[in-house]
Amino acid sequence: MTRTVARRIVVLGSPGSGKSTFSHALAAGTGLPLVHLDDAYWRPGWRRPSTPEWERTVERLTAGPCWIIDGNFAGTVRQRVERADAVVLLDRHPWLCAAALVRRSLRLRSDLLRGRQPRDYLPAGLAADDPPVRSLTALVRKAAGFRGRELRGMRPALAACAAPVLRCRSRRSAERLLRHLSSRTRPLPAAPAGSRPAFVCTCGQRRHHGRPGPVRPVSRPARQPSRDTRPDQERST
């Protein structure tokens with residue numbers, strides 16, 4: 001586990017692994033600005049930016065002195081991890097991720113039918129009935145194949161980066177890592193007015209208050225865990 005103060009943290013993981021929930025809790029516990037890459041990527045009508053435009057956007061997002069960046073987008077992983085102080089990889093079992101996606105889809109559909117704001121994170125440029133959100137089959141397929149496809153493509157960048165790669169295989173190990181990073185990380189002094197990074201998360205203003213996520217920031221010291229619940233630090237995945 002990292003012993004240094006982390007002010008630039010990349011969060012990676014399969015759809016359904018809890019990236020957004022973890023990132024929200026980490027931002028609350030550290031005070032670091034949070035950026036969801038999906039907010040920066042998707043345009044209304046589920047339009048996508050060109051590759052050069054997207055790379056320039058990521059370049060701007062990673063140029064700041066402190067941030068949490070949540071999202072995969074394998075084509076720009078190297079850009080992000082090269083500037084990170086720590087990389088969090090949520091690597092839960094694919095079928096646990098798929099089950100979480102099913103539950104999330106049911107909640108989103110229920111909220112849509114009832115005409116209320118989604119309880120779960122929803123990218124700023126997307127609606128609950130847009131194909132990237134609504135297509136449960138595509139999301140489950142992506143979760144089931146994450147290790148074999150997307151994570152495999154990330155491995156060279158993760159192996160080459162100087163930052164520690166902190167791998168969490170369970171919810172409990174993610175909670176421990178969250179407590180550790182929250183206790184060690186302190187943001188830099190507030191930036192001057194008007195210099196706030198683009199796309200900083202405003203989920204608290206967009207969402208209806210729903211059930212609390214499974215990972216929550218805590219202020220009490222963590223108990224010493226058993227060996228098999230500790231996040232794994234590794235040079236490659």
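Values in this document were obtained by computation on a predicted structure and should not be read as measured data.
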Between S183 and R179, a side-chain donor and acceptor under 3.5 Å: no
Side chains of S173 and S170, donor plus acceptor under 3.5 Å: yes
Salt bridge present between E55 and R60 (N-O < 4.0 angstrom): no
With distance as the sole test, does [X] use its side chain to make a donor-acceptor pair with the main-chain N or O of [Y] at under 3.5 Å?
X    : Y    : value
R43  : Y41  : yes
R78  : G75  : no
H180 : R176 : no
R172 : R169 : no

Audit row: S14, R92, side-chain contact (heavy atoms from CB on, under 4.5 Å) steps and yes/no: CA-CA 8 Å; S14 168; R92 300 185 70 198; over 6 Å; no
What's the separation between atom [atom1] in [X] and atom [atom2] in [Y], rounded to the nearest 0.5 Å?
X    : Y    : atom1 : atom2 : result
L32  : D85  : CG    : CG    : 9.5 Å
L177 : F22  : CG    : CZ    : 4.5 Å
R141 : T137 : CZ    : OG1   : 6.5 Å
D70  : R80  : CG    : CZ    : 9.5 Å
E175 : L178 : CD    : CG    : 8.0 Å
L96  : S17  : CG    : OG    : 11.0 Å

For residues [X] and [Y], determine if any side-chain heavy atom of one lies less than 4.5 Å from a side-chain heavy atom of the other.
X    : Y   : result
V87  : I9  : no
H36  : L34 : yes
D39  : V35 : no
L89  : V10 : no
S182 : L26 : yes

Residue pair [X] / [Y]: nearest heavy atoms and the distance that separates them:
X    : Y    : result
A74  : M154 : CB-CG, 4.3 Å
K142 : R149 : CA-NH2, 4.0 Å
N72  : L37  : O-CD1, 4.4 Å
V11  : K19  : O-CD, 4.1 Å
P15  : C97  : O-CB, 3.3 Å
R83  : W67  : O-CZ2, 4.0 Å

R147 atom CZ: more than 12 heavy-atom contacts under 6.0 Å: yes
In one Ile/Leu/Val/Met/Phe/Trp/Tyr side-chain cluster, 4.5 Å: W95, L101: no
L12: which of D91, L158, V88 passes side-chain contact (heavy atoms from CB on, under 4.5 Å): L158
Aromatic ring pairing F73/W54, orientation class (parallel under 30°, perpendicular over 60°, tilted between): tilted
